[in-house]
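We use all heavy atoms of the structure for the numbers below, so side chains are in, but hydrogens, waters and symmetry mates are not.
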Amino acid sequence: MDEEGIQVLDIGKLKRKHNASLLYSIPSFHNPTGIVTSQERRQVLLDTCMQERLPIIEDDAYGDLWLEEAAPKPLKAIDHQGLVLYMGSMSKTLGPGLRIGWIVAPQAVIDRLADIKMQTDYGSSTLSQFAVAEWLATGLYEEHLKTIRLELKLRRDYMLAILNKYFRDIACWSIPRGGFYIWLSLNKKVSTKQLFMRAVKEGILLNPGYVYDRKDQTHIRLSYSYAQFDEMKDGLMRLASLLKAHT
């Protein structure tokens, strides 16, 4: 990926090299990088995959969690060939235990996936589905999103202030426009596995870059969505001390 999203030039070559049958992407507030794929890149990505006859799974789990302005329209909104399987989820906006999502896809795909799901877990909780349907029908969901966005923006800005104070000489980062995460880029390579173990001993749980790319030794994913403000500050201050000692 680059700052505009997933890179498309090598998609055809990679498809043939790995005998790939689909492409998975999170265009809006990507996990873990937080990148928002630009509208122009979305169109190029879609055109490339159409040319390669490569279906796309578009994961939009974070799409409603924008902080200042919404992301560009989903890939599915510009898909006129039924190439994109568009997925969303309530687990990021209403609660992680609410395992309810949806898919927009050709009817044959939906029928097949519904059959697989029924064979796997007999379907999601009916009560939960009724509750979510009520939230959507009455407008409660949109009101809830307004509250969530305000809270996430406060948390993001608080974490950014801490990073500016304690991490300016050891790392760099981009300001996320939505979602839960800041993708911290360390100025020097470190053994993130050793750093992870030392952090665990200090009571700090990290998401090092090698979780997402086994060769990555320069990134840490930070989440501002869960910890209390005092916990966030304490954890980041101790992480800064560990990094400075580690490098």
Side-chain angles (χ1 to χ4, degrees), residues 1-89 92 101-106 108-109 113 156 171-193 207-223:
M1 297 182 69
D2 60 25
E3 65 277 0
E4 285 195 56
I6 189 170
Q7 299 184 45
V8 300
L9 292 179
D10 291 332
I11 284 178
K13 181 174 69 176
L14 290 170
K15 175 196 173 186
R16 288 180 281 278
K17 178 180 178 181
H18 299 288
N19 193 28
S21 56
L22 57 85
L23 182 143
Y24 174 83
S25 182
I26 311 175
S28 299
F29 317 121
H30 178 266
N31 177 15
T33 67
I35 291 171
V36 178
T37 301
S38 67
Q39 187 67 64
E40 294 78 11
R41 183 66 62 82
R42 292 177 192 231
Q43 186 64 62
V44 175
L45 174 62
L46 184 61
D47 292 343
T48 301
C49 288
M50 286 179 60
Q51 182 178 346
E52 294 291 338
R53 297 183 179 180
L54 186 66
I56 301 171
I57 291 181
E58 180 178 14
D59 186 346
D60 201 27
Y62 304 94
D64 284 337
L65 297 175
W66 50 268
L67 304 183
E68 280 95 10
E69 60 178 344
K73 290 182 179 180
L75 292 168
K76 189 61 181 175
I78 55 175
D79 171 32
H80 305 296
Q81 304 296 323
L83 191 72
V84 178
L85 282 64
Y86 176 80
M87 301 190 304
S89 173
K92 308 301 182 186
W102 61 88
I103 184 168
V104 181
V109 175
L113 291 176
R156 180 204 66 179
C172 58
W173 55 90
S174 297
I175 299 175
R177 294 161 51 189
F180 295 155
Y181 310 115
I182 293 176
W183 190 230
L184 197 68
S185 180
L186 305 178
N187 293 342
K188 296 181 180 180
K189 284 187 177 181
V190 301
S191 172
T192 47
K193 289 188 177 181
N207 269 77
Y210 69 77
V211 172
Y212 310 96
D213 178 352
R214 67 179 183 273
K215 297 180 181 179
D216 190 326
Q217 297 294 321
T218 58
H219 291 93
I220 298 172
R221 193 195 73 175
L222 303 175
S223 173

*Atom CZ in Arg156, atom CD in Glu68: separation rounded to 0.5 Å?*
4.0 Å
*Min side-chain heavy-atom separation Leu22-Leu85 under 4.5 Å*: no
_So which atom in Ile11 and which in Leu54 form the shortest heavy-atom distance, rounded to 0.1 Å?_
CG2-CD2, 3.8 Å
*Nearest atoms (heavy-atom pairs only) where Pro176 meets Ser174*: CD-O, 3.3 Å
*To the nearest 0.5 Å, what is the distance between CH2 (Trp173) and CG (Leu222)?*
10.0 Å
_Using only atom types and a distance under 3.5 Å, with no angle test, would you say the side chain of Asp2 pairs donor to acceptor with the backbone of Gly5?_
yes
*asked:* Strictly distance-based, threshold 3.5 Å: is any side-chain N or O of Arg221 a donor or acceptor partner for the main-chain N or O of Pro32?
replied: no
*Do Leu46 and Leu83 come close enough that some side-chain heavy atom pair is under 4.5 Å?*
yes
*asked:* Side chains of Trp183 and Ile35, heavy atoms from C-beta outward: is any pair under 4.5 Å?
replied: no
_Any side-chain heavy-atom pair of Gln39 and Ile78 under 4.5 Å_ = yes
*Have Gln51 and Asp47 got a donor and an acceptor in their side chains that come within less than 3.5 Å?*
no
*Before accepting this row, confirm whether a basic side-chain N of the pair Asp60/Lys76 lies closer than 4.0 Å to the acidic partner's carboxylate O.*
no
*asked:* So which atom in Asp79 and which in Val84 form the shortest heavy-atom distance, rounded to 0.1 Å?
replied: OD2-N, 2.9 Å
*Euclidean distance, Ile26 CD1 relative to Ile6 CD1, rounded to 0.5 Å*: 10.0 Å
*Look up atom CG in Leu113 and atom CE in Met87, then write down how far apart they are to the nearest 0.5 Å.*
9.5 Å
*Do we get Lys193 above Tyr210's six-membered ring, with its NZ or CZ under 6.0 Å from the centre and within 45° of the axis?*
yes
*Just how far is it from atom CG of Leu14 to atom CG of Asn19, taken to the nearest 0.5 Å?*
12.5 Å
*Carefully, step by step, assess Thr37 and Leu45 under the rule side-chain contact (heavy atoms from CB on, under 4.5 Å).*
CA-CA 10 Å; Thr37 301; Leu45 174 62; 5.6 Å; no
_Using a 6.0 Å cut-off, check whether atom CD of Gln81 has over 12 heavy atoms from anything other than its own residue._
no
*asked:* Atom CD1 of residue position Ile175 - does it have more than 12 heavy atoms of other residues, nucleotides or ligands inside 6.0 Å?
replied: no
*Determine the interplanar angle of the Phe180 and Tyr62 rings, folded into 0 to 90°, and report it as parallel if under 30°, tilted if 30 to 60°, perpendicular if over 60°.*
perpendicular
*Atom NE2 of His219 and atom NZ of Lys189: how far apart are they, to the nearest 0.5 Å?*
11.0 Å
*Which atom of Lys73 lies closest to which atom of Ala77, heavy atoms considered*: CB-CB, 3.9 Å
*Which atom pair, heavy atoms only, marks the closest approach of Pro72 to Ser38?*
CG-C, 4.4 Å
_Test item: side-chain donor near acceptor, Arg42 and Ser25, under 3.5 Å_ = no
*asked:* Please check this pair: side chain of Glu4 against backbone of Arg41, looking for a donor-acceptor N/O pair closer than 3.5 Å.
replied: no
_Arg177: which residues meet the side-chain contact (heavy atoms from CB on, under 4.5 Å) condition with it, sequence neighbours left out?_
Phe29, Val36, Glu69
*Which heavy atom in Ser28 sits nearest to a heavy atom in Gly63, and how many Å separate them?*
CB-CA, 4.4 Å
